[in-house]
Number of protein chains: 2
Amino acid sequence: MVVLTANERHALERLEARERHVRRGATLQRDKDRAAEMFILRKGMMMSSVLLDDGSRQILRFHFAGDMLAVSSLAYRAASETISALSDCVVCPFERPAFAAVITDHPRLAALIMVCDQIERAVLTDRLAVLGRTSAKARVAAILIDLRNRMRMLDRGITMSFTLGLTQEELGDATGLTAVHVNRMLRQLEDEGMIAREAGRVTFTDERALERAANFVDRYAGLDLAWLPAGR
Amino acid sequence: MVVLTANERHALERLEARERHVRRGATLQRDKDRAAEMFILRKGMMMSSVLLDDGSRQILRFHFAGDMLAVSSLAYRAASETISALSDCVVCPFERPAFAAVITDHPRLAALIMVCDQIERAVLTDRLAVLGRTSAKARVAAILIDLRNRMRMLDRGITMSFTLGLTQEELGDATGLTAVHVNRMLRQLEDEGMIAREAGRVTFTDERALERAANFVDRYAGLDLAWLPAGR
DNA sequence: CGTGGTATTGACTTGTGTCAAACTGCGTGG
DNA sequence: CCACGCAGTTTGACACAAGTCAATACCACG
């Protein structure tokens, strides 16, 4: 969609100079911890979440390879969310001054990063509308579609069938439901012929119906990048 | 917190060169409309919302003077949310190329805009957790505190008492509740001595209790801007 | 005065949560 | 290799929070 200049590519590569491995289940950043680092996720799947003081957890977002993590340290001294690994992962840590250098030297990269922020924001607001205004069935349908789409962006081979790699507890924490009720909704979607399941693997058997049930909006379509400044 | 250079101030003033008046109840931008403009809200109170296809509405965010509006046009060809005026407002429209020029010439302003994006994001994720995981009473308490704080940022005279300027229907659309239930929760907060009400005016009579009920986190505290590049 | 939007309250319904029990699959250690 | 335990799933019975519907009251405004 956008062809980077050699200089721009080089600047981004410098951010990814170091590597760190994170085990499945491990925590990369804990809410309220001092946080100076940011990361690029190179491999694996992570999530960010917050814990409320009654002990319940809300999962805010799932992260896949290529995502920038802990961007909120741009603004805050302490982390505002917990980031943990859902599978074995590789991340590339970098410091805020390195980031400042990139956006100073490469205005177009700054603009592109803002575009990514806006996409994230649009996805977040969609989720807000889903949590505030839709039924349990719609929420479960929505998260299934979202996960499939995110995975497909990295592996075009994925079409109707994928392993979601999440427990029903986690699905519940992402959708604002209990694990028990997630289970009931999955069963219902299955009974109504929209999905099939075997051993953690989900197959969409009626994608249209699922999208209708979920109020689905594709936030990675309809982009307009014509306004970007020139590359350096 | 950050002192801008004369050049930076000048660049921002150029964005605010034109003015447009928006009547209470009018719509500045409609969801799915072609959207090339962005705005700075100079005066008044607005909100952005989305309409789901079952007709229900989710209010995503309230905007106050100084906020940048329609920032999602940075990424999208069409608007992803409706922005409408809750009171008579004045906005300053500007085009995306003007924005591109600002971030190209003034890296520190680009960085500051990213910081604001991150604050917005943190606020959004808090709301996500509130909608996903807290009771109706907590949601209503949370929105009252949030509105009071936002208003206080513009008028330090506001402390325990303010006019919220929203119908209970709107409170419901923001919290994911029905207007009827919002009413019941307001009554309950009142009966429990946390707030008092007369004619659209709300007074916090026990702020601590209200904050506890709401799971409140102050997202405008704990900022760290030491990493910003130098001003130009 | 009406009239339309908003607020308030009550009676009833429904969606989702809670609790508990059984079941499954899998890794671990004896 | 088996037995055990643990984490996750599935299902049922029941409780409760929030939604729905409807009637009334309260304004502000033409």
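A quick note: this is a predicted structure, and the numbers were derived from the prediction, not measured. Values below: all heavy atoms of this structure, side chains included; hydrogens, waters and symmetry mates excluded. All chains are named by letter (A, B, ...) in the order of the sequence lines, taking the proteins before the strands, and each is independently numbered beginning at 1.
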Between [atom2] of [N] and [atom1] of [X], the distance in whole Å:
X	N	atom1	atom2	value
Gln188(B)	dG10(C)	CD	P	14 Å
Leu166(B)	dT6(C)	CG	P	12 Å
Arg24(A)	dG27(C)	CZ	P	11 Å
Glu198(A)	dG25(C)	CD	C1'	15 Å

All salt bridge (charged side-chain N to carboxylate O under 4.0 Å, His left out) counterparts of Asp191(A), not counting sequence neighbours: Arg187(A)
Range on DNA chain D touched by chain B, heavy atoms, distance below 4.0 Å: dA18(D) to dC21(D)
Sugar-phosphate only, base, or nothing, as touched by Arg197(B) at under 4.0 Å among non-hydrogen atoms: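 Answer is sugar-phosphate: Arg197(B) comes under 4.0 Å of backbone atoms only.
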Can you find a heavy atom in the side chain of [X] that is under 4.5 Å from one in the side chain of [Y]?
X	Y	value
His63(B)	Cys89(B)	no
Arg57(A)	Arg133(B)	no
Phe64(B)	Met153(B)	no
Arg127(A)	Arg61(A)	no

Intermediate values then yes/no, side-chain contact (heavy atoms from CB on, under 4.5 Å), Ser161(B) and Arg201(B): CA-CA 7 Å; Ser161(B) 184; Arg201(B) 205 170 169 74; 3.2 Å; yes
Near-strand residues of residues 169-187 of chain B, defined as heavy-atom separation under 4.0 angstrom from DNA chain C: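 Val180(B), Asn183(B), Arg184(B), Arg187(B) - these, ordered by number, are the residues of the stretch whose heavy atoms sit under 4.0 Å from the strand.
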Sidechain N-carboxylate O distance under 4.0 Å for Arg18(B), Glu95(B): yes
Heavy-atom donor-acceptor pair, Gln58(B) side chain to Ala174(B) backbone, under 3.5 Å: yes
